[in-house]
Each structure stands twice: as structure tokens, then as C-alpha cells.
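See below for the structure under consideration.
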Amino acid sequence: MGITNLGAVSMSAGGVYNSETVYKKYKVVSANGGSYMYINPTPAANVSLTDTSHWQQIAEKGDTFNLKGEWDDEAEDAFFDVVEYYGSSYVYINPIPSTGNAPTNETYWRLLAQAGG
């Protein structure tokens, strides 16, 4: 899987993929045991999940989040680790494990749920 720099965004759940649904950027759907995010700036329906100009696979079947609790700057973080940081949840998206990179560092983390949201 490649990495797409999303910048500061908020993903939203789209349920199970339905080819008749019009999807907008950052909508996440499930299909075949995996998860996919719509990445094209133009909303569309009837676009296959294999079309990488519209969809990016963000989890394969069998991938699971590792819920670690509150972020610890001394703990090593790795792909799919999820931490809490000032009330928000973040997922580690960098394929290279690291230590000390705060969840606000978009090279390593993506916001899952913002505090109060």
C-alpha cells in the first residue's frame, strides 16, 4: 500500500461499499474485509474500489488497530497503533516505527476522532 499525504482532515464512516452511493473525499467504506478511503476531490458513484485515482485501501483483511491508550513519548509506535492525545484519537500511518513523534506530526499520524467530536 502506498502512502497518501492527506493533510489535516477528518475521515467519516461510510459503512459497507455500495456502487450506487455517491462518495465524497475522505469517506471510508468497508468491503471484502478491508477498508477504503475515497481520495478523489470530485464526488462520484459507480467507481470500483480498485480505481486508485478514486480510492486508497487503508486496511487489508486481517489488519487490526492496536489500541495503546494515552500517547507515551518514550514508547515505540508502529503501523496501526492508536493513541489518545489531549482527548483526540490518532492512528500511526508511517511504515517505519518510531519514538517521540507527537500525534500531531502528520508524517507519522492521522486524526481518527477529534476531542469533543
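Reckoned from all heavy atoms, side chains included, excluding hydrogens, waters and symmetry mates. The structure presented is a predicted model; accordingly, all values stated were derived computationally and were not measured. Numbers for residues simply follow the sequence, beginning at 1.
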ILVMFWY clustering at 4.5 Å (side-chain atoms), partners of Val16: none
What closest approach, in Å, do [X] and [Y] show between heavy atoms, and which atom pair accounts for it?
X      : Y     : value
Gly100 : Trp71 : C-CZ2, 3.9 Å
Pro41  : Pro43 : O-CD, 3.5 Å
Lys27  : Gly14 : CD-CA, 3.5 Å
Ala115 : Ser88 : N-OG, 2.8 Å

Roughly how far, to the nearest 0.5 Å, is [atom2] of [Y] from [atom1] of [X]?
X      : Y     : atom1 : atom2 : answer
Tyr26  : Gln56 : OH    : CD    : 11.0 Å
Arg110 : Asn94 : CZ    : CG    : 9.5 Å
Asn105 : Asp77 : CG    : CG    : 11.0 Å
Thr99  : Asp72 : OG1   : CG    : 9.0 Å

Is there a side-chain contact between Leu112 and Val82 (heavy atoms, below 4.5 Å)?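 Leu112 vs Val82: side chains touch.
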Indicate, with yes or no, if the rings of Trp55 and Tyr23 have centres closer together than 6.0 Å. yes
Can you give the donor-acceptor pairs under 3.5 Å from side chains of residues 28-39 to other protein atoms, not counting sequence neighbours?
residue, atom, partner, partner atom, Å
Tyr38, OH, Thr42, O, 2.5
Tyr38, OH, Ala44, N, 3.4

Taking [Y] as the starting point, is it possible to reach [X] by hopping between hydrophobic residues whose side chains are less than 4.5 Å apart?
X      : Y      : value
Leu67  : Phe79  : yes
Val47  : Val22  : no
Leu111 : Tyr108 : yes

Applying salt bridge (Lys or Arg N to Asp or Glu O under 4.0 Å), which residue pairs with at least one partner in residues 80-97 are found, sequence neighbours left out?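 Every pair satisfying salt bridge (Lys or Arg N to Asp or Glu O under 4.0 Å) with a residue in residues 80-97: Lys68-Asp81.
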Among Tyr92, Phe65, Trp109, exactly one meets ring pair (Phe, Tyr, Trp, His ring centres under 6.0 Å) together with Phe80. Which residue is that?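 For Phe80, the ring pair (Phe, Tyr, Trp, His ring centres under 6.0 Å) check succeeds only for Phe65.
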